[in-house]
Undergrad: 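What follows is a single structure, and I will ask about it in a moment.
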Amino acid sequence: MTLEVSDLHVGYATAAVLHGVDLTVGDGQSVALLGRNGMGKTTLVRSICGLRPPTVARGSIVFGGEDITRKAPFQISRVGIALVPQGRRVFGSLTTTENLTVVPRRRAASAGEPWTVERVFEFFPRLADRSKQMARSLSGGEQQMLAIGRALMTNPRLLIMDEPSEGLAPAILDIIQDRLAELRSSGLSILLAEQNVDLALDIAEHVVIIDDTGRSTWTGTAAQLRADTSPLEQYLGI
Amino acid sequence: MFEPVFLAQQALNGLSFGALLFLLASGLTLVFGLQRIVNLAHGAFYMLGGYIGLVIATLTGNLLLAVVVAMIAVGVTAFVVEVGLLRFVRGQEMPEVLLTIGVMFVVADLCLAIFGGDPKTLPAAASIQGAMSIGGLIYPWYRIFVIGVAVVIGIALALVQTKTRVGAIVRAGVDDRETISAMGVNIGWVFTGMFVVGGALAALSGTIGSGVISVRPGIQNEVLMYALVVIILGGLGSIKGAAVGAVLIGLIDAFAKAWIPELAYFTIFAPMALVLVFRPSGLFGRAT
Amino acid sequence: APASSEDPTEPPAETAGASDDETGDEAPAQAEGTLKVGYISPITGNFAVAGQEMVDGWNLYWEINGNEVNGVTVETIVEDDAGNPEISLTKARKLVESDQVDVVVGPLLANTALAVAEYTSSVGVPNLHPVAAADDLTQRAANDFTVRSGSMSGSQANYPGGVWAADQGHETAVTLCPDYAFGWESCAGFKQGFEQNGGEVTAQFWYPNGTSDFSTYVSQLQSAGADIAYVATAGGAPGPDFMRSFLGLGLKDTQPLLMNCCSMDQATLRAMGTEVLGIHSVSNWAEGRDAPEVAEFNAAYAERYDGKIPSLNVAGGYVTASQVAQVLAENGLVTGDELVAAISATTFEDSILGKTVFDEYNNPVSPVYIREVQEVDGQLLNVPIETFDAVDQWLGMDPEEAMARPNYSQQFQG
Amino acid sequence: MTRDRKVGLGAMALLLLALASYPYLGTSGYQVSIASTVLIAAILASTVNFLAADGGMASLGHGAIAGAAAYGAGWASLQGHSMATQIALAMVVGILVTTVYGVLSMRTNGIYFLMVTLALGMVVFGLAYRLSSVTRGENGITGIERPEVLAEPWAFYLFLVGCFAVTTAALWVVSRSPFGATLRGIRDSESRMRSLGYYVPAYKLGAFMISGTIASLAGLLAVWHTHFVSPSATELGRSVLLIVMVLLGGLGTTLGPLVGAAIVILVENVVSNSVERWPTVLGLIFILTILFARAGLVGSAAKVLRRRRRGTDAGEPDTAEPAGLTTTTTIP
Amino acid sequence: MAAAVRTAPGPRGPGAPVLVADAVGKRFGGVQAVDGISLTMAPGERIGVIGPNGAGKTTLFKLLAGDELPTAGTVELFGQDVTRVGTARRARLGLGRTFQVSNLFRDMTVLDNVRVAARGGTPRARVFWRPQRPKDEISQRALASLESVGLSRRAQDTVADLSHGEQRQLEIAMALVTEPEILLLDEPAAGLSAVERSTLRRLIEELPRTLPILLIEHDMSLALGLTDRVMCMENGRHVVTGTPQEVRDNETVKAIYLGRRDKK
Ligand SMILES: Nc1ncnc2c1ncn2[C@@H]1O[C@H](COP(=O)(O)OP(=O)(O)OP(=O)(O)O)[C@@H](O)[C@H]1O
Ligand SMILES: Nc1ncnc2c1ncn2[C@@H]1O[C@H](COP(=O)(O)OP(=O)(O)OP(=O)(O)O)[C@@H](O)[C@H]1O
Ligand SMILES: [Mg+2]
Ligand SMILES: [Mg+2]
């Protein structure tokens, strides 16, 4: 199932943000979305997931041949798109386990074997120790792990992660990188908005950069970027 | 004033009034406590439910039927209010307040127009007659029945809240409505459902409550106030808190009226004010 | 505007007498014009029924008899005050200043009535009170522009209840009244009647306004164990709510009970049905009194209002209208303090409340009935079982003595 | 001065002119009296507005504060004290009650604050009812006079216009002052404010005192208007209507309270003359306002104007726009 | 300046430690989040705190800032025992801090956020008789602070309209504008993009060397590059303290914390 975003124009009541973004995430592919703070990564991610605001002014978002541009968030989730939102947004008054069980689980057309609480705990052993704790009192990194686990619990086809590395200790990032690689081999597609360019290039094979014009200015592969870092310098100031 | 029979009777008075308080707060506990919708129309739903229940009870003499019809009728009303009005201002506290006050005005005024302003109480035929008698203690069965209903409703609510996924979904929806919908839950309809259940509970308590306190113009405000006091005293969203709060107020009220009658007027509000001064989030409320 | 600056404690006797003489001769000459009436009553809010009934009673009279009397057309503007004294005052002002009414009738509640009476007397507009019971209206705050037309003061109406209870051989009594002026006055009336005749009130309980669950008070009544319990409410829900608790504890057969006017009015009978058969109450209105004028009134009311039976509120409105009509018939168009004086000077022989005259303070001297709820032709009625004729508001004292005492309260019950 | 500010001031001046000329437009005494009621309610509502919009503290006790002040004046008048004493006592009682409220409610927030103020309001109401040796119980105190110079209804009305202008301006300044910004900070995040070195309760108390003092003034004005005070002045229903007025006009707007007060008072006193089911009318007004002008009448109008001027055609109809947005700061 | 109105701190000789935590511990029910941590900060010293997720860094931070009260041990600030002292009071003693999760005034403009921070409970914040003035000293300072984090162009926007990273920048601006005498930073770089990170780095480097800083970071180039001394925690306990180089080379730290990218 392929995600195709074409010529997307998106804005808020106060300002237009994206002025023509094109992006494709093929089946089992992993795409990194790069851009400086405030360039519109989250805006794009939210548009894909159907969250309002912002509003889509023009363009289309198609997933697996189905136009999801103006669908409601829960409908989009049901076609197999899961979100790790920026800033974690775990359900604070639910326990760790409840956070995982509260989401509806898709059975159909899932990538690989279905997710269970146990499997998430295997993924992040730290969470197992905190299973009965209110999510609000988890540490920042623990919440981030929980947010990732929660998204996986929906058994998605496409996993969208908005800055999953934020607040995670370096060693955890390695684990995540390895596990995501495994998951991709079982058919999961990944769209990753990231500030940590090293991590992004390690995880993703394709890269899209959004710049201050609100367009997908640069599209290519991670290998290309490793070979020639000038786009990174130009658009991300590295 | 201290004879055992008198004490026992007052304790039962307090308990049954507390049970009534819990019942009339139960719908609001769901809607306001869990869902954080400031439903000021709760009292009006109680009133409407009470009137409808009474009409059916008078016609058929069947309390159960009266309760069911009232719950359905008010449930439908609540559905219309939620889908037709509240949905447009979801999550915005102040507009919700104004909207539900508007609904309260309209419903209460229409009740006056339709049902007249006479106080109405449950007809004897539909009520549970007679009194329990143990030794010197005589106590009406109906009020014991009210205690029983409150206990059942309380347990049911607590189970729904803790043991089912619906409870967790609602709490998640309150924490972060947007994220739970991005996880695939149609939270809008879940909330609508809760609102309807809240309305139906108001109707249930309105019908059953009419056997203890009459339904009449103005009852909407009284019920709303009692219900607010109970759930605030107990702590928002805590079923246990609402239950403890209700029983506490009931007992304090009963004994204070006997022993310190000068303060009778303040017995409902003073405990709440005191508790809030020392525990700003209520007895069982979590500090925010 | 003409201000009434007389000391309110001074009986307005001379004025009353003077106008009496004048109006006697002038009547036929003035027989044309319009009497504009502003009628304030709570038609919405918590007292909507009582308020509406008060209006209905007034309208009923004019519908039956036509609103033209002796060439004078009676024109009524009804205003809703929702039971709120501030709104009541605003409406009174509107009626007087904007509509320029000749007379204000109402409002219903004691506190709104006192506020409006103060205003109307200050601008020289007569104010008729069909229902309001506040003692002071015709005592300490009495004036030439205010007349209690259709009701009695709170202590006056309940005094005979105490007398009756003592006559029945009850030696001890316990009272339960609302904890504000109306309740204090009612209880004081009962207590003085009871104790002046040899009884003793052993305990007095007071419930705050807004009480809906009476179970704790009923338990207290029960444990007080007096020969008779006297219970007063200001009408509305407390009556049925009290009865629910009282009956629930099975006290009907063991605890003799006397209720006041409003706790056993038709609203309570409608709510409770046959459960309250046999309950006694004391009031200046008895819909079950066997008199042609009452039967006629009941029938007319029932015909227009779905077979309902009139309550004290309806009777108050109706009586007020009939008094106005009679005065207009006898005197032609009279306004200002003359209207009040004319009412006060007239004897109303066939009033549905019984023969009524007025004292110098514009308060009625009329019968009080001890009533029992009975089923008559399938209808529940308060049927008088004993009548106290010509009851005045002084409870056996002379006016100066009575008014020199403090206002009634929990502490002072006379 | 920005253009917005100029337009605002101009509109304000026009409004005041219109208000002041009202008694000279052939209006009856009764109409002036209704207008006076509206102005008093507007002053009271604006104190609620200030506290709720800037401080995030929606109070259900302001009716009772005003009522307490009215009783202060009433009691003094009953005892035959001089006008100066009446005024002083009204303010002292009002401020005293405010202080008690403030001290007891400072630790609470949001809905809990609402409930503490509700409970305290009920206590004041209860005292008004029960302390009849002082308050004359439910019969209330009548015959309270206003100062000689204001005896004429139009004079009193003009005085009220003045009071309204002054209090509104005062609240406007406070809201835009550093103190106002502090309050909004507390409204948004108390923990942040603490960690910035603010003693949060002190500021909340300060705001409450400002609001309560003006509310006391409104109570005094009310009793001067009706010459009467009874427990119903302190009733919960009055306080609820105050919040309703604020929301109808628009939370956080300068003129919202006036508009909201006008609507509620007119429906209660004027529409009720001709429409028997006026509570339904009032309820429908609330509902329609929220459906079509979510930010209140003034709030939404201002938003439309602003948008029109900016010429933006935003796709999404404005969703949750929080209270604070309407109080803008000047651009350096 | 802000410091002028602060209540006089306790005895504070030259060289006396500005912050001392003595065997502090914090227990939440069954979780021992912080377990006997001792820490002494000399004037002008910059200390980094690292450790795996859930190690107790933020909890320790809260104990120092006053958000939580310790269940064991004592905290001293500028020679004064503040173990039981509230947050506001510590702030007035000169403690400035950021929040791990942005804690901003969402309904206010960016500029107002910083202004409120700049007034920090001083008498200026109590002025209610005249509007805020756009050109006064406070506003100037606020603007300068926004400039330094690169947010000045958004000064008039409402915080709710900012992107996540921009909110993180504002978080830092608000901590700096208070002109603290000791600065605690909890993951200031989280959510910042590369450019903004280097801005932040420069910003911290340019702060007066006399300002002591406690920095929690998962970005090793900052945590190890900006500090004089680094403490590593795990499960609430102290693991090792040393110079950045010592900590980087420590085998335990490598095993429990550093990732492949940092071990290089
Ligand atoms: N709710 C909103 N209302 C108005 N404007 C917004 C809103 N959210 C974001 N913006 C603006 O839209 C632009 C893009 O924001 P977005 O959150 O998409 O950026 P981002 O690339 O995700 O940045 P970051 O890396 O900081 O998360 C920013 O300029 C931001 O100020
Ligand atoms: N209020 C609380 N109740 C229970 N446990 C808590 C509470 N607060 C923190 N904890 C637990 O204490 C541990 C330490 O949390 P802390 O936030 O200090 O970690 P941290 O080192 O800052 O982690 P991170 O790097 O992920 O931010 C965590 O395991 C957390 O779950
Ligand atoms: Mg983002
Ligand atoms: Mg942390």
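Lettering follows sequence order; numbering is per chain, from 1. Being a predicted model, the structure only gives us computed values, none of them experimental.
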Undergrad: Look up atom CD1 in D:Ile243 and atom CG in B:Leu98, then write down how far apart they are to the nearest 0.5 Å.
TA: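 Rounded to the nearest 0.5 Å, the CD1-CG separation comes to 10.5 Å.
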Undergrad: According to side chain to side chain contact (heavy atoms under 4.5 Å, CB included), who are the partners of D:Ala41, at least two apart in sequence or on a separate chain?
TA: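 D:Ala41 satisfies side chain to side chain contact (heavy atoms under 4.5 Å, CB included) with D:Met245, D:Ala261, D:Ile265 only.
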Undergrad: Should we say atom CD of B:Glu93 is surrounded by more than 12 heavy atoms from elsewhere, each under 6.0 Å from it?
TA: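 No.
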Undergrad: Keeping D:Tyr112 on the side-chain end and B:Leu236 on the backbone end, is there a donor-acceptor pair under 3.5 Å?
TA: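 Yes, D:Tyr112 side chain to B:Leu236 backbone: donor-acceptor pair under 3.5 Å.
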Undergrad: Say you draw a straight line from CG of B:Leu85 to CZ of D:Phe286; how long is it, rounded to the nearest 0.5 Å?
TA: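 Between B:Leu85 CG and D:Phe286 CZ, I get 14.0 Å after rounding to 0.5 Å.
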Undergrad: What closest approach, in Å, do D:Thr108 and B:Pro280 show between heavy atoms, and which atom pair accounts for it?
TA: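 Looking at all heavy atoms of both residues, the closest pair is CG2-CB, 3.7 Å.
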Undergrad: Which residues in residues 119-127 of chain D have any heavy atom lying under 4.5 Å from a heavy atom of chain B?
TA: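 Within residues 119-127 of chain D, near chain B: D:Ala119, D:Met122, D:Val123, D:Phe125, D:Gly126, D:Leu127.
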Undergrad: Of all residues at least two apart in sequence or in a different chain, which pass the side chain to side chain donor-acceptor pair (under 3.5 Å) check with B:Gln161?
TA: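 Result, side chain to side chain donor-acceptor pair (under 3.5 Å) vs B:Gln161: none returned.
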Undergrad: Once you round to the nearest 0.5 Å, how far does CD of B:Gln92 lie from CZ of D:Arg294?
TA: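 If I round to the nearest 0.5 Å, the distance is 5.0 Å.
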Undergrad: For residues B:Val106 and D:Thr280, report the shortest heavy-atom separation together with the two atoms involved.
TA: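 Closest pair (atom of B:Val106, atom of D:Thr280, distance): CG2-O, 3.7 Å.
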Undergrad: Where on B:Val275 is there a heavy atom nearer than 4.5 Å to chain D: the side chain, the backbone, both, or neither?
TA: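 Contact with chain D is absent: no heavy atom of B:Val275 under 4.5 Å.
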Undergrad: Quick one: side chain to side chain contact (heavy atoms under 4.5 Å, CB included) partners of D:Ser59, sequence neighbours excluded?
TA: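 So D:Ser59 forms a side chain to side chain contact (heavy atoms under 4.5 Å, CB included) with D:Leu51, D:His62, D:Phe113, D:Thr117.
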Undergrad: Is B:Met272 in contact with chain D via its backbone, its side chain, both, or neither, using a 4.5 Å heavy-atom distance?
TA: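 Just the side chain, heavy atoms under 4.5 Å.
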Undergrad: What part of B:Phe88 lies closer than 4.5 angstrom to a heavy atom of chain D: side chain, backbone, both or neither?
TA: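 Both backbone and side chain.
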Undergrad: If I compare all heavy atoms of B:Val229 with all of D:Met115, which pair ends up nearest, and what's the gap?
TA: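 The pair with the smallest heavy-atom distance is N-CE, 3.8 Å.
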Undergrad: Identify which of D:Val116, D:Ile111, D:Leu284 forms the greatest number of heavy-atom pairs closer than 4.5 Å to chain B.
TA: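 That would be D:Ile111.
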Undergrad: Give a yes or no on whether the backbone of B:Phe278 and the side-chain of D:Arg107 come within a donor-acceptor separation of less than 3.5 Å.
TA: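 Yes, because the side chain of D:Arg107 sits within donor-acceptor range (under 3.5 Å) of the backbone of B:Phe278.
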Undergrad: Go through it in stages, so that I can follow the logic: the residues are D:Ile290 and B:Glu96, the test is side-chain contact (heavy atoms from CB on, under 4.5 Å), and I'd like the CA-CA distance, side-chain angles, deciding distance and then a yes or no.
TA: CA-CA 8 Å; D:Ile290 288 307; B:Glu96 274 170 6; over 6 Å; no
